[in-house]
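What you see below is based on every heavy atom in this structure, not just the backbone, and it leaves out hydrogens, waters and symmetry mates. Numbering starts at 1 and runs along the sequence shown.
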Amino acid sequence: MPSLRHILAASLLSLSTFSWAGPVAPTPITLSFNGVDTWSASFSALSSGTNSFLLDLSPFAGMQLGTLSALVSANFLGSSGYDISSVSIGGQAFKPLIDQSIPGLGGIDLWSFNTQSWSTVPQLIEITGQLLGGTTGFIGSVSVVAKPVPEPASYALLLLGLAGIAWVRRQRQPANYGRLVHLPQPSVLR
């Protein structure tokens, strides 16, 4: 009969060989600069259930926030492809532009998100759906428009430049406008 020590040692040994799987960290989305004031990225996955992505918007702190838009699409044919059931970013639901499903035949999904009011905290994008088979998952894209906020010194320089232009124009104008206009004298008929 095993003693309490043997049972305890066996349970500790079994726990040490067992790997505890903690919560899975969301896949990061890395934005690339496209020029002027636009950043974009794409992402995709091929697993049923909820797929989570982390969109880090903290580099945009201190900028004038413009448009944040995202698009997620998928299609399926028979038992191949991916069927999206919901998409959200930061807890706000995407709008389904196309959520068409024909039983036994297939369908297409196109989910959209667009906002002018967003914060620079990291946003969690969650896509829930089912992989029906094959090697086609969903495809997503995100686009961010933001502009740097001018500093007060920039505004001061602008005003100083405008004042300088006004001063130079004022100095170049003649003091007497009458000299500029020559009115012919009426001729006297004789």
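When the side-chain hydrogen bond (donor to acceptor under 3.5 Å, both in side chains) test is applied to Asp56, the partners found at least two apart in sequence or on another chain are Ser58.
Note on Val142: it clusters hydrophobically with Trp118, by side-chain heavy-atom contacts below 4.5 Å among ILVMFWY residues. Leu71 and Leu55 sit in two unconnected hydrophobic clusters of ILVMFWY residues. Membership requires side-chain heavy atoms under 4.5 Å apart, directly or through other members. Hydrophobic clustering (ILVMFWY, side-chain heavy atoms < 4.5 Å, transitive): Leu65 and Leu68 are in one cluster.
Applying the side-chain hydrogen bond (donor to acceptor under 3.5 Å, both in side chains) test to residues at least two apart or on different chains, the pairs with a partner in residues 30-39 are Asn34-Ser40.
The distance from the CD atom of Gln130 to the CZ atom of Phe76 is 10.0 Å, given to the nearest 0.5 Å. Atom CG of residue Leu124 and atom CD1 of residue Ile29 lie 9.0 Å apart, to the nearest 0.5 angstrom. One finds the OG atom of Ser88 at 8.5 Å from the CD1 atom of Ile125 (value rounded to the nearest 0.5 Å).
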What do the steps show when you test Lys147 against Met63 for side chain to side chain contact (heavy atoms under 4.5 Å, CB included), and what is the final call?
CA-CA 5 Å; Lys147 301 175 183 176; Met63 294 188 178; 5.9 Å; no

Show, in sequence, the C-alpha distance, side-chain angles and deciding distance for Leu57 and Gln123, and conclude whether the side chain to side chain contact (heavy atoms under 4.5 Å, CB included) test is met.
CA-CA 7 Å; Leu57 298 173; Gln123 300 288 328; 3.5 Å; yes

When you look at Phe60 and Val144, which way does the side chain to side chain contact (heavy atoms under 4.5 Å, CB included) test go after all the steps?
CA-CA 9 Å; Phe60 298 103; Val144 172; 3.8 Å; yes

Worked check of side chain to side chain contact (heavy atoms under 4.5 Å, CB included) between Asp83 and Phe138
CA-CA 8 Å; Asp83 185 13; Phe138 61 81; over 6 Å; no

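By the 30° and 60° cut-offs, the orientation of the rings of Phe53 relative to Phe43 is tilted.
In terms of heavy-atom proximity, Gly134 sits nearest to Ser80 at CA-OG, 3.9 Å. Across Asn114 and Ser69, no two heavy atoms sit closer than the pair OD1-CB, 3.9 Å. Counting all heavy atoms, side chain and backbone alike, Leu131 lies closest to Gly81 at CD1-O, 3.5 Å.
Counted by atom type alone, Thr128 and Thr50 present one or more donor-acceptor pairs between their side chains at under 3.5 Å. Side-chain N/O atoms of Gln116 and Thr67 include a donor and acceptor closer than 3.5 Å.
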Identify every side-chain donor-acceptor pair in residues 90-111 under 3.5 Å, counting partners at least two apart or on other chains, and give the distances.
from   : atom 1 : to    : atom 2 : distance (Å)
Asp109 : OD2    : Ile84 : N      : 2.7

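Heavy atoms from other residues, nucleotides or ligands lying under 6.0 Å from CD1 of Ile139 number 12 at most.
With Tyr82 as the partner, the side-chain hydrogen bond (donor to acceptor under 3.5 Å, both in side chains) test is satisfied by one option alone out of Thr136, Asn75, Asn51: Asn51.
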